[in-house]
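Below, all heavy atoms of this structure are taken into account, side chains as well, without hydrogens, waters or symmetry copies. Chain letters run A, B, ... following the sequence lines, proteins first, then strands; residues in each count from 1.
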Amino acid sequence: GAGVSQSPSNKVTEKGKDVELRCDPISGHTALYWYRQSLGQGLEFLIYFQGNSAPDKSGLPSDRFSAERTGGSVSTLTIQRTQQEDSAVYLCASSVRLAGTNNEQFFGPGTRLTVL
Amino acid sequence: LAKTTQPISMDSYEGQEVNITCSHNNIATNDYITWYQQFPSQGPRFIIQGYKTKVTNEVASLFIPADRKSSTLSLPRVSLSDTAVYYCLVGVIGAGTALIFGKGTTLSVSS
């Protein structure tokens with residue numbers, strides 16, 4: 001079956017603009033995760049969803065970041081008033097259920113965001 | 001929240017066995033240990049996961065001592081295509097626990 005897909009693959013925007021990044025998880029996966037990876041750095045965990053619920057939003061870097069998930073499927077990560085330090089690859093992953101309980105995360109190809 | 005420590009980089013040659021050790025002194029009772037592999041311009045890929053003792057699959061082995069304060073990923077007979085970043089993760093999602101990938105270990109395999 002299809003894996004995790006993300007769109008767009010690349011996004012170039014101007015400082016101050018809002019952007020929306022989309023993630024389509026694997027069908028039937030109840031858990032969804034967002035990470036970001038700056039150049040040469042490890043993955044920074046942002047937020048996870050169990051169904052449509054995000055129990056912990058403390059990983060989001062600032063209040064300019066928000067995420068939602070509807071219908072237990074597609075998720076959107078929105079960054080308002082983008083800043084240059086937001087430039088990174090944003091990765092989405094999904095798993096059958098929450099990770100850490102003998103379950104693996106399947107990652108999408110990522111969205112490379114460049115803020116000019 | 002269990003923090004992990006891995007070597008920043010390792011070098012190896014084709015055909016050798018590579019062992020990457022991860023320290024996680026503050027591992028909690030419910031934490032699992034998971035390893036991921038990441039190639040450039042790709043998302044990470046699950047390699048192996050374990051709770052204690054030894055786990056083996058078609059790709060790697062994971063050795064976990066009784067105190068679980070460290071773990072060792074063992075890659076048998078590496079090839080050039082095993083050049084990647086390897087991440088050790090410890091934790092269980094939920095109750096505000098985040099997954100920390102860290103910077104991982106960059107493995108470079110030469111011929």
Side-chain angles (χ1 to χ4, degrees), chain A residues 3-7 9-10 21 23-26 29-51 53-61 67 88-112, chain B residues 1-9 22 24 27-53 55 57-60 62 64 68 71 84-106:
Chain A
V4 177
S5 62
Q6 294 184 245
S7 61
S9 55
N10 281 285
L21 311 180
C23 173
D24 282 273
I26 293 173
H29 282 195
T30 62
L32 184 148
Y33 318 80
W34 284 98
Y35 299 85
R36 76 175 175 180
Q37 187 170 33
S38 301
L39 187 63
Q41 301 296 309
L43 276 75
E44 176 187 4
F45 176 82
L46 299 180
I47 192 170
Y48 78 91
F49 288 87
Q50 174 59 27
S53 174
D56 179 16
K57 300 180 180 180
S58 63
L60 295 175
V89 175
Y90 289 81
L91 290 158
C92 173
S94 71
S95 62
V96 173
R97 53 185 181 272
L98 291 181
T101 54
N102 198 27
N103 217 311
E104 64 179 279
Q105 296 182 41
F106 294 83
F107 281 80
T111 293
R112 182 176 298 278
Chain B
L1 185 62
K3 179 180 178 180
T4 60
T5 302
Q6 307 174 230
I8 294 175
S9 64
C22 179
H24 28 80
I27 190 168
T29 302
N30 294 332
D31 287 345
Y32 278 76
I33 301 160
T34 311
W35 286 79
Y36 282 81
Q37 174 191 56
Q38 185 179 27
F39 298 112
S41 302
Q42 294 185 25
R45 184 182 70 165
F46 173 91
I47 300 176
I48 197 166
Q49 185 180 73
Y51 183 80
K52 62 180 179 180
T53 63
V55 179
N57 61 22
E58 64 277 7
V59 176
L62 179 60
I64 305 169
R68 305 203 322 126
S71 59
V85 179
Y86 293 82
Y87 297 96
C88 165
L89 277 73
V90 173
V92 178
I93 278 285
T97 302
L99 283 182
I100 300 176
F101 271 76
K103 295 187 178 181
T105 297
T106 299

Q. Top residue by heavy-atom pair count (under 4.5 Å) with chain A, among B:Gly104, B:Gly43, B:Gly50, B:Pro44?
A. B:Pro44
Q. Looking at side-chain heavy atoms only, is the closest gap between A:Ser7 and A:Thr111 below 4.5 Å?
A. no
Q.
Quick check on B:Tyr51 against chain A: is it the side chain, the backbone, both or neither that has a heavy atom closer than 4.5 Å?
A. neither
Q: Just jot down the ring-ring contact (aromatic ring centres under 6.0 Å, His included) partners of B:Phe39, sequence neighbours excluded, or say none.
A: none
(Q) My understanding is that only residues two or more places apart in sequence, or in another chain, count here; which of them pass ring-ring contact (aromatic ring centres under 6.0 Å, His included) with B:Tyr86? (A) none
Q: Pick whichever of A:Gln50, A:Lys57, A:Gln37 has the most heavy-atom pairs under 4.5 Å with chain B.
A: A:Gln37
**Q.** Smallest separation among heavy atoms of B:Ile64 and B:Ser71, with atom names
**A.** CG1-CB, 4.1 Å
